[in-house]
J.: 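Handing you this structure, nothing more for now.
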Amino acid sequence: MADIDPDTPVYSIGVVKEMTGLTRRQIRYYEEEDLVKPARTDGNQRIYSENDIERLKEIKELLANGLNIAGIQKQLGKVSELEKEKQKKQQKKDIEFADKLSKVSTKKLSSLYPVSNRADLAKLLNEEENGIE
DNA sequence: CTTCTGACA
DNA sequence: TGTCAGGA
């Protein structure tokens, strides 16, 4: 009922150590190699999410299959690169949305403020795209 | 007591 | 990769 989303960081390195079977040294080393990017808390403590746990398990698996760090970076991708791609996609969406918004607002809206409901705006944009007057 | 960073007998 | 130091 109250599942925490897999991106919410909650595990300390001690817990991760138990869950993954890796040593603290390895877990920190993989972070240095840009294979994982745990969040930080209060006193700079690392906190991992379930996604991070899975990520570490994959790394452990690949390592067991004979791959080195460089090989894993190519297989899973460096987290810094994954984040850049994610940011670019989001920026693209933002631009497209802003473009649609500018078009519809000049035609049908005298002001943007009246549209306080996101669902209404989405409907308006959809009608605009389908040529509904 | 646990975790953090830097360093290496 | 393990481990010790010196703090937080």
Side-chain angles (χ1 to χ4, degrees):
Chain A
M1 301 282 220
D3 296 26
I4 52 177
D5 84 272
D7 284 316
T8 301
V10 292
Y11 307 108
S12 67
I13 195 171
V15 177
V16 176
K17 173 180 129 69
E18 299 301 309
M19 297 179 82
T20 64
L22 294 168
T23 65
R24 288 193 182 71
R25 185 76 163 79
Q26 291 175 306
I27 297 171
R28 291 169 184 154
Y29 179 58
Y30 301 156
E31 180 180 0
E32 287 183 46
E33 294 304 311
D34 200 21
L35 290 176
V36 288
K37 191 199 70 56
R40 295 292 181 131
T41 59
D42 51 288
N44 198 39
Q45 307 269 117
R46 271 170 267 249
I47 39 178
Y48 300 79
S49 66
E50 297 203 0
N51 280 170
D52 293 326
I53 302 295
E54 294 307 307
R55 177 90 182 182
L56 286 170
K57 286 183 179 178
E58 292 182 275
I59 295 172
K60 182 185 179 186
E61 189 60 31
L62 268 42
L63 228 40
N65 291 345
L67 282 71
N68 55 29
I69 299 299
I72 296 175
Q73 292 179 328
K74 290 184 178 180
Q75 294 299 301
L76 301 180
K78 296 182 180 180
V79 291
S80 62
E81 296 178 337
L82 293 178
E83 286 194 336
K84 285 185 179 179
E85 291 175 34
K86 197 172 183 178
Q87 287 176 21
K88 285 188 177 181
K89 288 182 180 179
Q90 185 56 53
Q91 283 174 32
K92 186 178 179 182
K93 287 183 179 179
D94 290 342
I95 292 175
E96 295 177 340
F97 184 77
D99 184 53
K100 290 181 182 178
L101 184 59
S102 66
K103 289 179 180 177
V104 71
S105 63
T106 55
K107 288 184 179 179
K108 297 188 160 185
L109 303 176
S110 57
S111 171
L112 200 56
Y113 300 120
V115 184
S116 57
N117 187 305
R118 193 190 178 300
D120 288 342
L121 179 56
K123 182 183 178 184
L124 192 57
L125 289 172
N126 184 56
E127 294 178 341
E128 189 71 14
E129 292 189 318
N130 294 311
I132 299 175
E133 294 303 314

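Every heavy atom of this structure was used, including side-chain atoms; hydrogens, water molecules and symmetry mates were not. Residue numbering restarts at 1 for every chain, and letters A, B, ... go by the order of the sequence lines. Everything numeric in this text was worked out from a predicted model, so none of it was measured.
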J.: Test of understanding: clusters of I, L, V, M, F, W, Y form through side-chain heavy atoms closer than 4.5 Å, transitively. Do A:Leu35 and A:Leu82 belong to the same one?
T.: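 As far as the 4.5 Å side-chain criterion goes, A:Leu82 and A:Leu35 are not connected within one cluster.
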
J.: Starting at NZ of A:Lys17 and ending at P of B:dT3, how long is that distance when rounded to a whole Å?
T.: 9 Å

J.: Check whether any side-chain nitrogen or oxygen of A:Ser12 sits under 4.0 Å from OP1 or OP2 of B:dT2, and answer yes or no.
T.: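 A:Ser12 to B:dT2 OP1/OP2: no side-chain N or O under 4.0 Å.
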
J.: What's the CD-C1' distance between A:Glu31 and B:dT3, to the nearest Å?
T.: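 Distance, rounded to whole Å: 12 Å.
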
J.: Okay, side chain of A:Lys60, backbone of A:Thr20: is any donor-acceptor separation there less than 3.5 Å?
T.: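 Yes: the side chain of A:Lys60 pairs with the backbone of A:Thr20.
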
J.: Check for me, please, whether A:Val79 and A:Val16 land in the same ILVMFWY cluster - side-chain distances under 4.5 Å, paths through other members count.
T.: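 Different clusters: A:Val79 never reaches A:Val16 through Ile, Leu, Val, Met, Phe, Trp or Tyr contacts under 4.5 Å.
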
J.: Just checking A:Arg28: base, sugar-phosphate only, or nothing, at a heavy-atom cut-off of under 4.0 Å?
T.: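 The residue A:Arg28 makes base contact.
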
J.: For residues A:Pro38 and A:Tyr48, report the shortest heavy-atom separation together with the two atoms involved.
T.: CB-CE2, 3.3 Å

J.: Walk along DNA chain C from 5' to 3' and tell me the first and last nucleotide with an atom closer than 4.0 Å to a non-hydrogen atom of chain A.
T.: C:dT1 to C:dT3

J.: Taking side chain to side chain contact (heavy atoms under 4.5 Å, CB included) as the criterion, tell me which of A:Ile47, A:Val15, A:Ile4 meets it with A:Val10.
T.: A:Ile4

J.: Within this structure, what is the CD1-to-C1' distance between A:Ile13 and B:dC4, rounded to whole angstrom?
T.: 9 Å

J.: Consider side chain to side chain contact (heavy atoms under 4.5 Å, CB included). Of A:Gln26, A:Arg28, A:Glu32, A:Glu33, which one does A:Tyr30 pass it with?
T.: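 Exactly one pass, corresponding to A:Gln26.
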
J.: List the atom of A:Met19, the atom of A:Lys57, and the distance in Å for their closest heavy-atom pair.
T.: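 For A:Met19 versus A:Lys57, the nearest heavy atoms are O-CE, 3.7 Å.
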
J.: Any side-chain heavy atom of A:Gln45 within less than 4.5 Å of one from A:Arg40?
T.: no

J.: 5'-most contact on DNA chain B: A:Arg25 or A:Gln45, nearest heavy atom basis?
T.: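 Mapping each residue to its closest nucleotide by heavy atoms, the 5'-most match is A:Gln45.
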
J.: Please confirm whether the shortest side-chain N or O distance from A:Arg46 to OP1 or OP2 of B:dC4 is below 4.0 Å.
T.: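 Answer yes for this pair, as a side-chain N or O of A:Arg46 is under 4.0 Å from OP1 or OP2.
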
J.: Quick one: A:Glu32 CD to B:dT5 C1', roughly how many Å, whole number?
T.: 9 Å

J.: How long is the line joining CG of A:Asp42 and C1' of B:dC4, in whole Å?
T.: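 My rounded result for the distance is 12 Å.
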
J.: So, does A:Asp52 use its side chain to make a donor-acceptor pair with the main chain of A:Ser49 at under 3.5 Å?
T.: yes

J.: Using a 4.0 Å heavy-atom cut-off across all strands, classify A:Gly43 as base, sugar-phosphate, or nothing.
T.: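 Since no nucleic acid heavy atom lies under 4.0 Å of A:Gly43, the category is nothing.
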
J.: Once Watson-Crick and G-U wobble pairs under 3.5 Å are found, how is DNA chain B written in dot-bracket notation, 5' to 3', with | for any base paired to another strand?
T.: .|.|||||.

